[in-house]
Enquirer: 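The following block contains the structure, expressed as structure tokens.
Reminder, nothing fancy here: chain letters follow the sequence lines and each chain counts from 1.
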Amino acid sequence: MRLVLAGVTAEIEGTAIVSDADLVAEPGAFVGLIGPNGSGKSTLLRTVYRSLRPSAGAVTLDGDDLWRMRARDAARRRAVVTQHGDLSGEFSAAEVVAMGRAPHKGVLERENAADRAIVAESLERVAMGGAADRLFSTLSGGERQRVLLARALAQRAPLLVLDEPTNHLDVRARLGLLDLIRSLGLTVLAALHDLDHAAAYCDHVVVLERGAVRAAGPPLEVLTPEFVAEVFGVRAHIGAHPITGRPHIAVASLG
Amino acid sequence: MAEARAGRGPHLVSGRATGLLLAVLAAALVLVSVAAVSIGSVNLPVGAVWRVVGAHLTGSASPDPLRDQVIWDLRAPRVLVAALAGAGLSVAGVAFQALVRNPLADPYILGVSSGASLGAVLVVSSGATAFGGLGVTGAAFTTALLTVVAVYVLAQRGGRLLDSRLVLAGVAIGYLCTAATSYVQLQVNPTELHGLMFWLMGSVAGATWPDLGLPAAVIAVCAAFLLPQGRNLNALMAGEDAAAGLGTSVRTLRIALLVVGSLLTATAVSVVGGIGFVGLMVPHATRFAVGADHRRVLPVATLLGAVFLVAVDIAARTADRPNELPIGIFTTGLGVPFFLWLLRRRASAGSEG
């Protein structure tokens, strides 16, 4: 699934939060959307969730305009894990994951054995297979995040969009989640706040600054020490991770 | 707690047991209705109730004309009105709670009932002869819709709905409508005023067979619309962005919920007046039993609401015999402590917003 944002402008209450943004996610690529707080990452992602219509530009999936599809057709092709994964009401983990089957079901159609198998398998993939009957509200932050990822997996969409998926997770859960997302083989667009995660996991990064795309490309080409200092206001050292050997960015405050 | 529950599903009632629960509630509705018809200023034997109802349903001649009149013409319609209003207000509660993604929402707390009352009273005082007509319901619907839109807009900040603002905006707008209603009351003559007051406090007294048609039709249409939306209503519980990601047309669904909730409230109010907190208590009790999945909540809350209001009507008629008390006093008397308990529990759970 090839995702293209072409000249996207997104406004909230008449103020342009993102202007004329271009972004391409090639099939199977892990694309990181990075930028300082308030740079417009979440707002830009909302145009891909279909919860904020771009006031200019287009969002396309394999050439089809995302905003001209029926809502359920869009949800079969792109799944979403939002930043605020709160859920009102007492749903079990399995019920939450079963919501991901909605775009595949007719209005009065019940979930069948195939759907239940997909729900169980999705929970297994995020290592939450034993928690199917636990109430979502009783899970820890990391467990909830994994259940919400399982819900997105149950949509069986080739494109996965995530907004700071590692927020509120402890260090082990963070790396586990990113390894998992990386291993799925899906096209991934993820807003990330940690430059080191972006360098280690992304094939391609897009840097937003004050609502505009500043740079895009492979992480090591984009995230030079000079660029990081200018956009993020920190000193950066780029090298190989001493344990994994992957690209590694160490940061320190300027001055 | 989670471990203890793991063996038998996440909720008190899940899976196939939901069908059994619905059957039990349907049977309970029949039994409580028959009891409600037999109880009154003169208690009638349950057997007589069955015989009269049976005779009317089969079209055969009634065995006892006097009892027939009391049972079929006086009591049966009021019991059915109570059942319809209970079902309608409960479904309205579910719709509003999904709309604002907050279990504290209720037609009464959001001020929608007061708004509907204002519209109804305006039409009645300006010359319409009886409650329950299309004109009264239409006016009640218009003011109910205006109220809910005002509360919805006032409760937002930066595109998010806030718990505290929602309750305060609802109470404030509700007061405004109540004040306007009081002003209208001053304009009517004293004989009309008594009836108006009784109705405003919520009453199913004096209901007749023709009063039943409109609420039955509205509830049927609204339920027929909402039931297939179960998955979309569930998605809405995950928030606007996540719901859009799951393939729900959030904007369209919200507008539909606004209209459906207002329509149900207006219909209930125009027939039975200001009966509060049914839409809060019944959906909450339902979720306690079957969890939050709307595909189970909607049918269970519909039946439970009907059973609940018929039972409360029995209490309203028997608590101070031979006087009859407005049913709304009882639902509010039960509902306010329940609401405060819910508010306290939510605050301690830290689930504000």
Enquirer: If every non-hydrogen atom of A/Arg78 is compared with every non-hydrogen atom of B/Gly245, which pair is closest and at what distance?
Expert: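 Reported closest heavy-atom pair: NH1-O, 3.0 Å.
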Enquirer: Taking every heavy-atom pair that is under 4.5 Å apart, which of B/Asn234, B/Asp241, B/Leu236 has the most such pairs with chain A?
Expert: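 Option with the greatest count: B/Asp241.
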Enquirer: Given that the side chain runs from C-beta out, which part of A/Arg110 has a heavy atom under 4.5 Å from chain B: side chain, backbone, both or neither?
Expert: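 Looking at A/Arg110, just its backbone touches chain B.
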Enquirer: State, to 0.1 Å, how close A/Met99 and B/Leu246 come at their nearest heavy-atom pair, and which atoms those are.
Expert: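 For A/Met99 versus B/Leu246, the nearest heavy atoms are O-CD2, 3.7 Å.
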Enquirer: Pick from A/Asp73, A/Thr82, A/Val80, A/Val161: which one has the most heavy-atom pairs with chain B under 4.5 Å?
Expert: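 Maximum pair count with chain B is reached by A/Thr82.
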Enquirer: Among the options B/Ala242, B/Ala243, B/Ala292, B/Pro228, pick out the one with the most heavy-atom pairs lying under 4.5 Å from chain A.
Expert: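 Most heavy-atom pairs under 4.5 Å with chain A: B/Ala292.
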Enquirer: As an exercise, state the distance from NE2 of B/His11 to CD of A/Glu90, rounded to the nearest 0.5 Å.
Expert: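 CD of A/Glu90 is found 8.0 Å from NE2 of B/His11.
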Enquirer: For A/Ala102, is it the side chain, the backbone, both, or neither that has a heavy atom closer than 4.5 Å to a heavy atom of chain B?
Expert: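 It is both, since atoms from each part get that close.
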Enquirer: Side chain, backbone, both or neither: which part of B/Arg295 has a heavy atom under 4.5 Å from chain A?
Expert: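 Side chain only.
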Enquirer: What distance do B/Ser249 atom OG and A/Arg70 atom CZ have between them, rounded to the nearest 0.5 Å?
Expert: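 The OG atom of B/Ser249 sits 9.5 Å away from the CZ atom of A/Arg70.
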Enquirer: Measure distances from A/Arg151 to the heavy atoms of chain B and classify the residue's part below 4.5 Å as side chain, backbone, both or neither.
Expert: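 Side chain only.
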Enquirer: So which residue, A/Val107, A/Leu52, A/Val96, ends up with the most heavy-atom pairs under 4.5 Å with chain B?
Expert: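 If we count pairs closer than 4.5 Å to chain B, A/Val107 comes out on top.
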Enquirer: Distance from A/Glu95 atom CD to B/Met237 atom CE, nearest 0.5 Å?
Expert: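 Result: 13.5 Å between the selected atoms.
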Enquirer: For A/Asn112, look at atom CG and say whether over 12 heavy atoms of other residues, nucleotides or ligands are found less than 6.0 Å away.
Expert: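 Enclosed.
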Enquirer: Taking only Lys NZ, Arg NE, NH1 and NH2, and the carboxylate oxygens of Asp or Glu, determine whether A/Glu111 and B/Arg231 approach each other closer than 4.0 Å.
Expert: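 Yes, A/Glu111 and B/Arg231 are salt-bridged.
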